[in-house]
Amino acid sequence: MRIVLGVGGGIAAYKSASLLRLFTEAGNNVSVIPTEASLRFVGVATWEALSGNTVSSSVFDEVQKVNHVRLGHEADLIVVAPATADLLARAAAGQANDLLTNTLLMARGPVLFAPAMHTEMWAHPATRANVQTLRSRGILVLEPGVGRLTGTDSGAGRLPDPEDIFAAAMAAVDIRPEEPETLPGPLAGRTVTVTAGGTREPLDPVRFLGNRSSGKQGAALARAALDAGARVRFIAAHMDIPAPDGVELVRVETALELREAVHASAPDSDVLIMAAAVADFRPDTTSDTKIKKRDDGADPVITLIRNPDILAEAVQHRTAGGEAARPALIVGFAAETGDGSADVLEYGRQKLARKGCDLLVLNRVGTSLVFGQDSTEVRLLSPQDSESAPPPTYAGTKTEVAQRIIARVEQEFEAALSVR
Ligand code: CTP
């Protein structure tokens, strides 16, 4: 088997020499691609002597061989060890500024990163997000070992033992088909229910109480879940855009119809994402005929009554259903403006606690913010947030933000299953 061993610029680079030996002794042909920075730790001579192949860090060496294309295409497996925070960031961003990152973009087979860095760097939200992005693409990112690090510090961040990296790499080749296009997504075999759009509460046959939700964020979430391999049931209230192709579409109009559809879908869903803007109130009566202006000039009075809180109900049903009740992961949304008594984040935290969901996507809203826009900025709140691990902020197009949310959903879903 042809293996590319990428070596990042960390002190643990020397341990990759043992990993290289394990690969070659098992009969593999290994091409080592060190980053420029890693050569300050271990030089080209070591890699060439141990691998028996020429070694370069640059796309400008042996240009006639177009090495990044050749190595990326030919590799049955690419292992990056140590993967520094910088390498994870460059790979997640799809950068191609040296031979290793170029080769990663050309990869056809499985790719495995074995990270090594200081604990703070590993725990940093930027690194967490990069790891999530890579994992959401089907790339294996091992958890680093815990123990003594380079300085006086210790914690999570040690390069996993070469034997463990070797074992994970061999397993990755066993379970992965050759072509990445046929890889099952991380949510393959899972059912994700997404609600989207704004409910409409009829006053009479021509009028309704509605809201500004366009359904764009919900549609983007459904697409991201489809891309992750999930079967998606899409419960759509009023939307300004078409529902995405490939979903099982359930159309609803009112909060009560949405409630019925959600409770019918939840028991066979693994994940429920409540992106719909549900009317909190509905008129207590709906006139069968158009409400007319009155001759005596009196203004009509509309009495509103509370709609049920569908998200909170879904959480209650799961709790009542016991250990294995579904959905394993319930994601709520919060649209907040903040006011004199609390800011947006404080209201978000209160809402997460009140509704009892597992994740809450917090939006700051205003008449020209979020609704109908193509870009957004959200914070993703979880009951596990703490001062040292505050809720991350995701900004970008609704598609990009949806991909980040789904990557986190994948992670939390796995965690939820493992504690059951
Ligand atoms: N939601 C729901 N049922 C409702 C109202 C809201 O399931 N009757 C869900 C929404 O889909 C969203 C979350 O609850 O996932 C929060 O919606 P939001 O309108 O921000 O919160 P409210 O519960 O309406 O609280 P408030 O209006 O008091 O801020």
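As the structure lists them, so they are numbered: ligands from 1, and atoms in each ligand from 1. Position 1 is the first residue of the sequence; numbering continues from there. Predicted model only: the values in this text are computed from it and were never measured.
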| task | Indicate yes or no: does an N/O atom of Val278 lie under 3.5 Å from an N/O atom of ligand 1? | result | no

| said: Distance alone, cut at 3.5 Å: any donor-acceptor contact between the side chains of His263 and Glu313? | reply: yes

| task | Among all protein heavy atoms, pick the one closest to atom 10 (C) of ligand 1 and tell me residue, atom and distance. | result | Ala276 O, 3.5 Å

| said: If we count only N and O atoms by modelled type, under 3.5 Å, do the side chains of Ser265 and Arg233 hold a donor and an acceptor together? | reply: yes

| message | Considering non-hydrogen atoms of the protein only, which is the closest contact for atom 7 (O) of ligand 1, and what is the distance? | response | Leu311 N, 2.8 Å

| task | Measure the distance from atom 17 (O) of ligand 1 to every protein heavy atom, then report the residue, atom name and distance (to 0.1 Å) of the closest one. | result | Phe333 O, 3.5 Å

| Cut-off 3.5 Å, side chains only: do Glu201 and Thr199 have a donor facing an acceptor? | yes

| request: Report the part of Ala275 (side chain from C-beta onward, or backbone N, CA, C, O) that has a heavy atom under 4.0 Å from ligand 1; answer both or neither where that applies. | output: neither

| field | Trp122 six-ring centre to Arg158 NZ/CZ under 6.0 Å and within 45° of normal | value | no

| message | So, 4.0 Å and heavy atoms of Pro308: is ligand 1 close enough to count as a contact? | response | yes

| From Arg282, Lys355, Arg354, Lys351 - option closest to atom 18 (P) of ligand 1 by heavy atom | Lys351

| Ring centroid separation for Phe23 and Phe166, is it under 6.0 angstrom? | yes

